[in-house]
Amino acid sequence: MASSTERPAIDGSRTYPVRQLVAYGRLIIKGERIDPERVVADYARANPDVDLEARTTIGEWQAGNRPGDTAIRVPGLPVR
């Protein structure tokens, strides 16, 4: 039986829509109590050219690879 603090294994090849990963990052990873639709709406306003239905893996998302994102980032700095 797994401990309640252990995270389940993540299939690195499974893709998710950007919409879901935006909400996941704020709600699960950062532990913020916020409406998922508001999170997605804020992200869409800040990134007007993003396709919220584009699909990517969790690994790519955590590495800072965002579908439709053309920003240039210095390696080693966190993506927010």
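Just so you know, these numbers come straight off a predicted model, no measurement behind them.
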Without swapping roles, check the side chain of Gln62 against the backbone of Gly59 for a donor-acceptor pair under 3.5 Å. no
Partners of Glu53 by salt bridge (Lys or Arg N to Asp or Glu O under 4.0 Å), sequence neighbours excluded? Arg19
Considering residues at least two apart in sequence or located in another chain, which fulfil the side chain to side chain donor-acceptor pair (under 3.5 Å) criterion with Asp42? Arg45
Please round to the nearest 0.5 Å and tell me the distance separating atom CD of Gln20 and atom CD1 of Ile58. 8.0 Å
Using 0.5 Å steps for rounding, measure from the OH atom of Tyr24 to the OH atom of Tyr16. 8.5 Å
Using 0.5 Å steps for rounding, measure from the CG atom of Leu21 to the OG1 atom of Thr57. 8.5 Å
Minimal heavy-atom distance between Ala44 and Leu52, with the atoms involved, is CB-CD1, 4.0 Å
Side chain to side chain donor-acceptor pair (under 3.5 Å) involving Arg55 - partner list, sequence neighbours excluded: Thr15
Which residues pass the salt bridge (Lys or Arg N to Asp or Glu O under 4.0 Å) test with Arg33, sequence neighbours left out? none
